[in-house]
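Working notes for the structure below.
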Amino acid sequence: MDFEKELEIIRENTVDIISEEELLQKLKEAHSQKRELRVKYGADPSAPDIHLGHTVPLQKLRQLQELGHKVIFLIGDFTACIGDPSGVSKTRPPLTKEDVLKNAATYERQIFKILDKKKTELVLNSKWCEGMRLSDVVKLASHYTVARMLERDDFSMRFNKKEPISIHEFLYPLIQGYDSVILKADIEVGGTDQRFNFLLARELQRDFGQDPEVVILLPILEGTDGKQKMSKSLGNYIGIDETPLEIYGKLMSIPDKILHRYYNLLLGIPCPENSSPHEAKKRLAKEITSIYYGEEAGRKSEEEFHKIFVRKELPDKIPEVAIEKKEIWLVELLVEAKLASSRREARRLIVQGGVKLDNKVCTDPEAEIELRGGMILKVGKRRFAKIKLGGNNG
RNA sequence: GGGGAGAUACUCAAGCGGCCAACGAGGCUUGACUGUAAAUCAAGUGCGGAAUGCUUCGGAGGUUCGAAUCCUCCUCUCCCCA
């Protein structure tokens with residue numbers, strides 16, 4: 001294998017590699033010693049839904065696996081058990097052991113849609129973190145200074161804005177770095193927001209007498225709002241575990257501006273220049289849906305989407321709702337069908353013209369409805385329910 | 001340890017005794033329009049079969065005919081000094 005060529009492949013889509021010389025060196029070394037490089041990737045177990053933003057680094061990992069290297073998929077369960085990691089100032093309820101294990105299983109199911117199971121090792125950092133003594137922690141903390149900690153962007157920003165930073169938050173980058181030491185990572189892959197943490201890991205490894213890991217930084221994908229990074233807490237994410245139609249639909253809803261980003265980062269190809277944004281978006285949505293659910297599902301989702309939103313017809317599957325009464329107040333019906341969370345909201349939807357019964361708009365909030373089995377209730381553009389008379393749901 | 005500032009709905013942020021279910025912005029929902037769950041524009045955004053109704057402005061008490069607004073204590077945060 002030509003090392004330059006290997007480097008070329010690894011370089012695709014990256015923002016930065018620290019450093020290419022070191023990487024080249026490692027590739028050569030690994031080859032001559034006939035060993036695989038250990039590629040670390042850290043995941044936060046408190047949000048177990050893998051979304052398209054994660055798939056950018058995951059695809060890079062897959063590539064590295066194809067080049068013969070081994071991925072160490074680290075689940076930061078220890079850090080999550082303590083609570084709030086960096087970022088938002090809200091204290092998140094710490095996860096229990098069971099939550100962590102459940103989330104880890106969820107991860108496992110999802111990541112192997114992309115990664116090669118045979119070349120992946122799943123590890124939890126509680127394994128070595130839990131047994132650390134206070135003296136170990138103090139020693140670890142002595143490797144770094146407050147001033148250097150405050151170099152980190154989000155720390156300095158919060159500090160300047162006079163927002164609280166707890167002492168334990170300073171420990172997270174240290175623990176992350178220590179993970180690299182324990183795992184003897186050769187390479188670490190992550191988004192550009194991890195730059196600081198990764199650099200710290202390199203320093204720690206040096207202090208512990210190891211070769212520092214090579215850092216591969218990848219771009220951060222914007223969410224469906226087209227502005228902020230894709231994340232679960234911002235609600236602008238597309239999970240790879242969501243239904244095909246949902247993935248397809250959410251992709252259709254991204255702003256035109258970021259189409260090229262999605263093409264480059266998710267499909268690895270440039271956005272077609274000569275087709276209309278609509279056509280380009282359709283292709284993007286279909287191809288990405290196909291990656292996770294197969295071509296058949298991609299095609300079906302496209303059809304379904306156009307059926308519902310362009311031709312405004314009914315979807316294939318509509319959830320059934322059993323209603324006891326024969327005659328019912330419309331407001332109550334919406335609440336019963338779980339299409340509105342309160343009667344007040346139901347009333348609002350009706351008045352605003354967002355409620356259709358058998359394709360007829362109902363604007364009278366006082367209306368009493370005589371129910372028939374199979375009636376179709378529609379709220380907004382994409383929430384449907386089919387009425388079933390009497391009995392239990394099912 | 002001393003002194004000062006602050007905590008308001010999903011988020012940011014006004015209000016500082018009645019006109020406050022609480023300005024405004026973002027988000028979200030709905031509608032119009034559209035190639036789209038895009039952009040733009042408009043409306044809505046605590047609960048209640050609706051009543052001068054009920055529950056809300058960090059928590060607990062108190063003053064008052066009346067409190068998000070005043071007082072006391074508590075919890076948490078930020079700043080300055082040591």
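Within every chain, numbering begins at 1; the chains are lettered A, B, ... in the order of the sequence lines, protein sequences first and strands thereafter.
Between A:Tyr262 atom OH and B:U36 atom P the separation is 20 Å, expressed in whole Å. Residue A:Lys378 contributes atom NZ, which lies 11 Å from atom P of B:U30 at whole-angstrom precision. A straight line from CZ of A:Arg343 to C1' of B:G46 spans 16 Å, rounded to a whole angstrom. In this structure, A:Asn236 places its CG atom 14 Å from C1' of B:U11, rounding to the nearest Å. Across the protein-nucleic acid pair, A:Arg311 atom CZ and B:U36 atom C1' stand 14 Å apart, rounded to whole Å. Between the CG atom of A:Leu259 and the C1' atom of B:A39 there is a distance of 13 Å, given to the nearest Å. Taking atom CD of residue A:Glu222 and atom C1' of nucleotide B:A38, one finds them 15 Å apart after rounding to whole Å. Nucleotide B:A50 holds its C1' atom 16 Å from the CD atom of A:Glu332, rounded to whole Å.
Of the residues in residues 280-308 of chain A, those with a non-hydrogen atom less than 4.0 angstrom from any atom of RNA chain B are A:Lys281, A:Phe305. At a non-hydrogen distance threshold of 4.0 Å, A:Arg347, A:Arg348, A:Leu349, A:Gln352, A:Gly353, A:Gly354 from residues 346-364 of chain A come into contact with RNA chain B.
Contact annotation for A:Ser276: no contact, since no heavy-atom pair falls under 4.0 Å across all strands. Using a 4.0 Å heavy-atom criterion, one finds that A:Leu245 contacts the bases of the nucleic acid, with or without backbone contacts as well. Residue contacts shown for A:Pro365 are absent, as no nucleic acid heavy atom lies under 4.0 Å away.
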Output a table of donor-acceptor pairs, distance under 3.5 Å, between side-chain atoms of residues 258-265 of chain A and any protein atom two or more places apart or on a different chain; print 'none' if there are none.
| residue | atom | partner | partner atom | Å |
| --- | --- | --- | --- | --- |
| A:His260 | ND1 | A:Lys257 | O | 3.1 |
| A:Arg261 | NE | A:Glu222 | OE1 | 3.1 |
| A:Arg261 | NE | A:Glu222 | OE2 | 3.3 |
| A:Arg261 | NH2 | A:Ile220 | O | 2.9 |
| A:Tyr262 | OH | A:Glu222 | O | 2.8 |
| A:Tyr263 | OH | A:Ala280 | O | 2.7 |
| A:Asn264 | ND2 | A:His260 | O | 3.2 |

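With both pairing distances under 3.5 Å, B:C20 is matched to nothing as a Watson-Crick or G-U wobble pair. With a cut-off of 3.5 Å on both pairing distances, B:U34 has no Watson-Crick or G-U wobble partner at all. B:C28 is paired with B:G44 under the criterion used here, namely a Watson-Crick or G-U wobble arrangement in which both key atom distances are under 3.5 Å. Across all strands shown, B:U63 forms no Watson-Crick or G-U wobble pair with both key distances under 3.5 Å. B:G15 is paired with B:U8 under the Watson-Crick or G-U wobble criterion, all donor-acceptor distances under 3.5 Å.
A 4.5 Å side-chain heavy-atom check between A:Asp179 and A:Val123 finds every atom pair outside the cut-off. Residues A:Phe73 and A:Glu108 have side chains not in contact (no heavy-atom distance under 4.5 Å, counting atoms from C-beta outward).
Of the listed nucleotides (B:C78, B:U36, B:A38), B:A38 has the atom at the smallest distance from the side chain of A:Pro255. Nearest nucleotide to the A:Lys227 side chain, out of B:U34, B:G49, B:G27: B:G27. For A:Pro164, whose side chain is taken as the heavy atoms from C-beta onward, the closest listed nucleotide among B:C47, B:U77, B:U29 is B:U77.
The minimum heavy-atom distance between A:Gly353 and A:Val361, with the atom names listed, is O-CG1, 4.0 Å.
For B:A60 and B:C47, the C1' atoms lie 25 Å apart once the distance is rounded to whole Å. A gap of 11 Å separates the C1' atoms of B:A39 and B:C33, to the nearest Å. The gap from the P atom of B:A43 to that of B:U55 amounts to 32 Å, rounded to the nearest Å.
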*Could you walk me through whether A:Gln25 and A:Lys28 pass the side-chain hydrogen bond (donor to acceptor under 3.5 Å, both in side chains) check?*
CA-CA 5 Å; A:Gln25 182 69 30; A:Lys28 285 179 183 165; over 6 Å; no

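One finds no side-chain N or O of A:Arg382 lying less than 4.0 angstrom from the OP1 or OP2 phosphate oxygen of B:U36.
Residues A:Ile175 and A:Leu204 share a hydrophobic cluster, clusters being chains of Ile/Leu/Val/Met/Phe/Trp/Tyr side chains in contact below 4.5 Å.
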